[in-house]
Amino acid sequence: MTARYAVIGNPIGHSRSPQIHAHFARACRQDMAYGRILAPVDRFRETAEAFRAAGGQGLNVTAPFQLEAYRYVTKHSVRAFACGSVNAVKFEDGEATGENFDGVGLEQDLVRNRKLDLRGLHVLLLGTGGSAHGVLPALLAQQPARVVVAHMDEDQARDLAARATRSVHSAARVEASDYRGLAGQRFDAVFNATSASLWNDLPPVPVTVFNGCFLAYELAYGDTTSPFLRLATNAGVRTLADGLGMLAEQAAEAFAWWRNVRPSRLDIQQALLAT
Ligand code: NDP
């Protein structure tokens, strides 16, 4: 019987996960279907339960539901527990198990695909939502000198920084700031984990954060360059990346977790070309 999976979010029309998983299914000879589910913003649980009741075997979870998915699942992987956020769910043996592959997806894209090394660097992470929770432990594991988490509300940034500091052994200094507090601070790499780009918007980050910065990484992806990457380009940042590589890497991890067969490096590269 065809196994059913889906990505759930709001908005969801932009998601390239269905193309990537369709490619992996063909390459790994898996009889599976993978769709998109648009859940009303206040109906994540009901929508996920309806999919499960209809025989769904797993979900990828994207904005804005990853923190809610953490509360929805009945069991957490060690990594999901450390992140406080869930981006993949498996329905099996009466449990809804939550995992988080965003961090490993980002790390693979940075280290393996782009040969970038964050060791000893000053890193800025914008946003405190599900994906920021997912990637912060992985960023800290890279042993940067310092990571600043930024949000409109400095207390939210402080909560996320404190949570990650408790869950990861890293020599990195972890700090929190609101956007105004970033003025005049210097960073080597800036990661945009806000969902502003989904609405063609820009987080209110002072342009001075790009002074001397060599990497601007946008977790979102799309057909056009995001306002964040345009700002970074105009400020002279040399290395620009969107989240497509990270998406394909985390998708391969989720596929292997669900299906017990791992897409090859070639499958991942070809999936990227196919999207
Ligand atoms: P969430 O909804 O969980 O969090 C969004 C965050 O962005 C919140 O901190 C929110 O602040 C903030 N935010 C929203 N709009 C603005 C704005 N205009 N200015 C400043 N901050 C803003 O979403 P996710 O964390 O799950 O996703 C964030 C982005 O990352 C999305 O674009 C998503 O598509 C992308 N993503 C990419 C992945 C990949 O594999 N490439 C994986 C996962 C996510 P507030 O708390 O005030 O609402």
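FYI, side chains are in, hydrogens and waters are out, and symmetry mates aren't considered; it's all heavy atoms of this structure. All figures in this text were calculated on a predicted structure; none of them were measured in a lab. For ligands, and for the atoms within them, numbers begin at 1 and follow the listed sequence.
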Among all protein heavy atoms in this structure, tell me which lies nearest to [atom], with the distance rounded to 0.1 Å.
| atom | value |
| --- | --- |
| atom 17 (C) of ligand 1 | Ala196 CB, 3.7 Å |
| atom 4 (O) of ligand 1 | Gly129 CA, 3.3 Å |
| atom 29 (C) of ligand 1 | Thr194 O, 3.4 Å |
| atom 11 (O) of ligand 1 | His151 NE2, 3.2 Å |
| atom 3 (O) of ligand 1 | Gly130 N, 2.9 Å |

At less than 4.0 angstrom from any non-hydrogen atom of [X], what atoms of ligand 1 do you find?
| X | value |
| --- | --- |
| Leu247 | 40 (O), 41 (N) |
| Ala63 | 23 (O), 24 (P), 26 (O), 27 (O) |
| Pro64 | 2 (O) |
| Met152 | 19 (N), 20 (C) |
| Gly243 | 39 (C), 41 (N) |
| Asp102 | 42 (C), 43 (C) |
| Pro203 | 19 (N), 20 (C) |

Task: Any donor-acceptor N/O pair, Glu95 side chain to Asp93 backbone, under 3.5 Å - done: no
Task: Under 3.5 Å donor-acceptor, Gln250 side chain and Leu247 backbone - done: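 Such a contact is found between Gln250 side chain and Leu247 backbone.
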Check contact between [X] and ligand 1, using heavy atoms of the residue and a distance below 4.0 angstrom.
| X | result |
| --- | --- |
| Gln156 | yes |
| Thr128 | yes |
| Ala193 | yes |

Open item on the list: Closer than 4.0 Å and a protein heavy atom, does any atom meet both conditions relative to atom 48 (O) of ligand 1?
Closed with: no
Task: Matching residue for Tyr5 among Phe255, Trp258, Phe51 - test: ring pair (Phe, Tyr, Trp, His ring centres under 6.0 Å) - done: Trp258
If we count only N and O atoms by modelled type, under 3.5 Å, do the side chains of [X] and [Y] hold a donor and an acceptor together?
| X | Y | value |
| --- | --- | --- |
| Arg146 | Gln185 | yes |
| Tyr34 | Asn60 | yes |
| Glu218 | Asn192 | yes |
| Tyr217 | Arg114 | no |

Can you tell me which portion of [X] lies within the under-4.0 Å heavy-atom range of ligand 1? Options are side chain, backbone, both, or neither.
| X | answer |
| --- | --- |
| Asp201 | side chain |
| Leu198 | side chain |
| Pro204 | side chain |

Open item on the list: More than 12 heavy atoms of other residues, nucleotides or ligands under 6.0 Å from CZ of Phe81: yes or no?
Closed with: no
TODO: Using a strict cut-off of less than 4.0 Å between a Lys/Arg side-chain nitrogen and an Asp/Glu carboxylate oxygen, indicate whether Lys90 and Glu99 qualify as a salt bridge.
DONE: no
Task: Electrostatic pair Glu154-Arg158, nearest N-O below 4.0 angstrom - done: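 Yes, charged N to carboxylate O under 4.0 Å.
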Between ligand 1 and [X], is the shortest N or O to N or O distance under 3.5 Å?
| X | answer |
| --- | --- |
| Ser131 | yes |
| Leu219 | yes |
| Ser195 | yes |

TODO: Would you give the length of the straight line joining atom CE of Met1 to atom CD of Gln57, rounded to the nearest 0.5 angstrom?
DONE: 7.0 Å
Task: Which atom of Ala161 lies closest to which atom of Leu136, heavy atoms considered - done: CA-CD2, 4.4 Å
- [ ] Indicate the atoms forming the closest heavy-atom contact of Ser85 with His133, along with that distance.
- [x]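 Here Ser85 and His133 meet closest at CB-CB, 3.6 Å.
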